[in-house]
Amino acid sequence: MMNSKPEKLYNWVAVLIAGLIPMLSVIVQQGGAYLHGESAAFLFNYWRDRPLAAKIFDPVPNDWGLYQARELSYFIDYLDAGFIRWSIAHGVPHFYSFSTILVALLTVGIFQIAGTRLFKNIGTGSFLTVNCLLMTLPAIFWGNLFFRSSKPGCALMLVIIGFCLYDFFGKYQNKHCGNHLNRLIITIASAEMVMMLLDRQGMFWVATITVGLGLVSVGMVWMNTWRGAIPMKKLLIGSMLVLALGTIYNLYIAPYLIYCLNGYYPECNYQQVGIMGLLNFSGGLTFVLTNLGGMFGGLGIKTGVGVLVLIAAGLISPYLKRGENPVVKRWALWYICAYVFMMCAMIAAANLMTSQHPAMLYPDVIRGGYFMPNAMIVMFFFVIALNSFLGTWRFDRRVACAILWLMLVGNIFLLRQENPMEPSGHLAGAKIHVHYILYALRHHDFDYQEIPLSLREFNVIAISRGDKLVRHWD
């Protein structure tokens, strides 16, 4: 634990340095690399003169009728849209998502401050590099444009849950930590509930965590340690209750509110994923391994396989060392089991998502925001593996930090390749149009009527300038 003021100061300086990376992206993009066609439609909906509740509980304009019970994310999107409109009214037009930038900054703070307290073998400099690796992910560095807050929100909740679970299992047998454990249980349950309301991917991860806790409980029963494990029982029951409440909201409460506010019941077909999608390993593994390679060195699929093996080796390393403390060896087995379980769940989710939405595999989409929640899970296990390896083999921290910095250099080169400001890919038109849109929003005397914009882009300018909507929303 950090006791000295210099150590605390170093950590806050590290948070500031890593936190500047998302700010650098804002400067580079000069107001926004593009305005996605869907984002333009969302802005139009949130800016229209309708009651707030009716805007939020309306999956037709917010999700093209593909009901997913993620109204909390719509509310956050509404706040982002309000921030954009406020900025336009004050002469600083842009299309940045304030909530996504805030998620990035909070993630940096949690990894740096909580990480250095819980993982004693990793120094401040190494955690700074870990944060820089995270912030140079294309999904985060280039992903601060207004689109959806659902995936970034789930990513932040998974970070909170990960650190709380690590702290919980490190102290759950300590009789003097009862109040602290109760606070951790409440925090975990709250984060799970938020994640359930943000996205269907969030619901998947809550279900995965609940199943994982159930398997841990079975292991404790097998080892005859379940009877006195009251905190563990509370944690499992809390997670099960959250999953049940989220499911009730998804199937009954949200559809009824949609009907009361907008006069229709939503179709739930989009949530009915075919079980055969689990066998879509070609799409799922391509998605996962491409992003894993991009996280640690900016390389491709083969590097992604190496990352999976490297993390597993770090987690199991204490178990392989002769003469190691039996307690440490037992924890190593728990970690590797949890890692294998979560990676299998991640691949299963990727298989399902890519079978239902193949556009995720487009070259200019594959490293986008869909992977953000997964990235946080992988990075958390990477931190555990690094801490275990450094503590077991007394590896020089400076060498570890140097290796991490080499990976960071690779990530920076990847950012140049993934630059969304290059007019290419399926968003090439939007990347060109955004310059006209921003210019029209800065100069109210500019006649934008003859610019070849889409109907959605046209209406974003018209409604923000208070002009008549002479074209209909498409």
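Open room surrounds CE on Met240; 12 or fewer heavy atoms of other groups in view lie less than 6.0 Å from it. More than 12 heavy atoms of other residues, nucleotides or ligands sit less than 6.0 Å from atom OH of Tyr249. Within 6.0 Å of atom OH in Tyr319, 12 or fewer heavy atoms from other residues, nucleotides or ligands are found, so the atom counts as exposed in its surroundings. The number of heavy-atom neighbours closer than 6.0 Å to CH2 of Trp12, taken from other residues, nucleotides and ligands shown, is 12 or below. Shown here is Tyr270, whose OH atom has more than 12 heavy atoms of other residues, nucleotides or ligands within 6.0 Å.
The closest donor-acceptor contact from the side chain of Asn387 to the backbone of Asn121 lies under 3.5 Å. Between the side chain of Tyr96 and the main chain of Val26, a donor-acceptor pair closer than 3.5 Å is present. At least one donor-acceptor pair closer than 3.5 Å links the side chain of Lys321 to the backbone N or O of Thr392. Judged by distance alone, the side chain of Asp80 and the main-chain N or O of Phe146 form no donor-acceptor pair under 3.5 Å. At distances below 3.5 Å, at least one donor-acceptor pair connects side-chain atoms of Ser149 with backbone N or O atoms of Ser73.
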For a ring-ring contact (aromatic ring centres under 6.0 Å, His included) check, start with the C-alpha distance between Phe119 and Tyr166, then their side-chain angles and the critical distance, and finish with the verdict.
CA-CA 10 Å; Phe119 300 97; Tyr166 187 88; 4.4 Å; yes
Next item on the list: List the steps, then state whether side-chain contact (heavy atoms from CB on, under 4.5 Å) holds for Leu137 with Met372.
Entry: CA-CA 9 Å; Leu137 279 175; Met372 278 187 68; over 6 Å; no
- request: Report the C-alpha separation of Ile237 and Lys234 in whole Å, then their side-chain angles, then the decisive distance to 0.1 Å, and conclude whether the side-chain contact (heavy atoms from CB on, under 4.5 Å) test is met.
  value: CA-CA 5 Å; Ile237 292 172; Lys234 292 180 180 178; 5.9 Å; no
Chi angles and distances behind the side-chain contact (heavy atoms from CB on, under 4.5 Å) call for Leu35, Leu145: CA-CA 8 Å; Leu35 175 62; Leu145 298 176; over 6 Å; no
Evaluate the side-chain contact (heavy atoms from CB on, under 4.5 Å) criterion for residues Ile377 and Phe382: first the C-alpha distance (whole Å), next the side-chain angles of each, then the deciding distance (0.1 Å), finally the verdict.
CA-CA 9 Å; Ile377 295 172; Phe382 176 78; over 6 Å; no
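Side-chain contact between Trp331 and Val328 is absent, with no heavy-atom pair separated by less than 4.5 Å. Taking the side chain as every heavy atom from C-beta outward, Thr124 and Gln112 approach each other to under 4.5 Å. Under the 4.5 Å side-chain criterion, counting only non-hydrogen atoms from C-beta, Gln29 is in contact with Asn144. The shortest distance between side-chain heavy atoms of Val211 and Phe341 falls below 4.5 Å. Between His90 and Trp86, the closest side-chain pair of non-hydrogen atoms falls below 4.5 Å. Using a 4.5 Å cut-off on side-chain heavy atoms (C-beta onward), Leu128 and Asn11 make no contact. In this structure the side chain of Pro22 never reaches within 4.5 angstrom of the side chain of Phe141, judged on heavy atoms. At least one side-chain heavy atom of Met360 sits less than 4.5 Å from a side-chain heavy atom of His357.
Pairs passing the salt bridge (Lys or Arg N to Asp or Glu O under 4.0 Å) check and including a residue from residues 141-162, sequence neighbours excluded, read Glu38-Arg148, Asp63-Arg148, Lys151-Asp199. Sorted by first and then second residue, the ring-ring contact (aromatic ring centres under 6.0 Å, His included) pairs with a member in residues 188-208 form an empty list; sequence neighbours excluded. The side-chain hydrogen bond (donor to acceptor under 3.5 Å, both in side chains) analysis of residues 402-412, with sequence neighbours excluded, yields the pairs Thr129-Trp405, Thr136-Asn411.
To the nearest 0.5 angstrom, Cys154 atom SG is 11.5 Å from Met376 atom CE. Expressed to the nearest 0.5 Å, how far CG of Leu72 lies from CD1 of Ile56 amounts to 9.5 Å. Note that OG1 of Thr107 is 8.5 Å distant from CG of Asn131, once rounded to the nearest 0.5 Å. Rounded to the nearest 0.5 Å, atoms CG (Leu278) and OG (Ser355) are 8.0 Å apart. Distance check, rounded to the nearest 0.5 Å: OH of Tyr339 to OH of Tyr335 gives 15.5 Å. Atom CG in Leu333 sits 9.5 Å away from atom NZ in Lys329 (nearest 0.5 Å).
The two residues Asn325 and Val327 have their closest heavy-atom pair at OD1-N, 2.8 Å. Scanning both residues, Pro138 and Leu414, for their nearest heavy atoms gives CG-CD2, 4.0 Å. The nearest pair of heavy atoms linking Ala350 to Thr354 is O-OG1, 2.7 Å. A pairwise comparison of heavy atoms in Ile84 and His94 identifies CG2-O, 3.2 Å as the closest pair. Here the closest non-hydrogen pair linking Ile122 and Leu390 is CG1-CD1, 4.3 Å. Residues Leu134 and Ile140 come closest through the heavy atom pair O-CD1, 3.2 Å.
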Please tabulate, for the side chains in residues 187-198, all donor-acceptor contacts under 3.5 angstrom to protein atoms that are two or more places apart in sequence or on a different chain.
{"from": "Thr187", "atom 1": "OG1", "to": "Arg183", "atom 2": "O", "distance (Å)": "2.8"}
{"from": "Ser190", "atom 1": "OG", "to": "Ile186", "atom 2": "O", "distance (Å)": "2.8"}
{"from": "Glu192", "atom 1": "OE1", "to": "Ser239", "atom 2": "OG", "distance (Å)": "3.3"}
{"from": "Glu192", "atom 1": "OE2", "to": "Ser239", "atom 2": "OG", "distance (Å)": "3.1"}

In a table with atom names and distances, give each donor-acceptor pair under 3.5 Å that connects a side chain of residues 290-316 to protein atoms at least two apart or in another chain.
{"from": "Thr290", "atom 1": "OG1", "to": "Thr286", "atom 2": "O", "distance (Å)": "2.6"}
{"from": "Asn291", "atom 1": "ND2", "to": "Phe287", "atom 2": "O", "distance (Å)": "2.7"}
{"from": "Asn291", "atom 1": "ND2", "to": "Ile366", "atom 2": "O", "distance (Å)": "3.0"}

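Centroid-to-centroid, the aromatic rings of Phe380 and Phe111 stay 6.0 Å apart or farther. No close placement of the Phe95 and His36 rings is indicated, their centers lying 6.0 Å or farther apart.
Of the N and O atoms on the side chains of Gln68 and Asn250, not one donor lies less than 3.5 Å from an acceptor on the other residue.
Applying the ring pair (Phe, Tyr, Trp, His ring centres under 6.0 Å) test to Phe98 and every residue at least two apart in sequence or in another chain returns Phe83.
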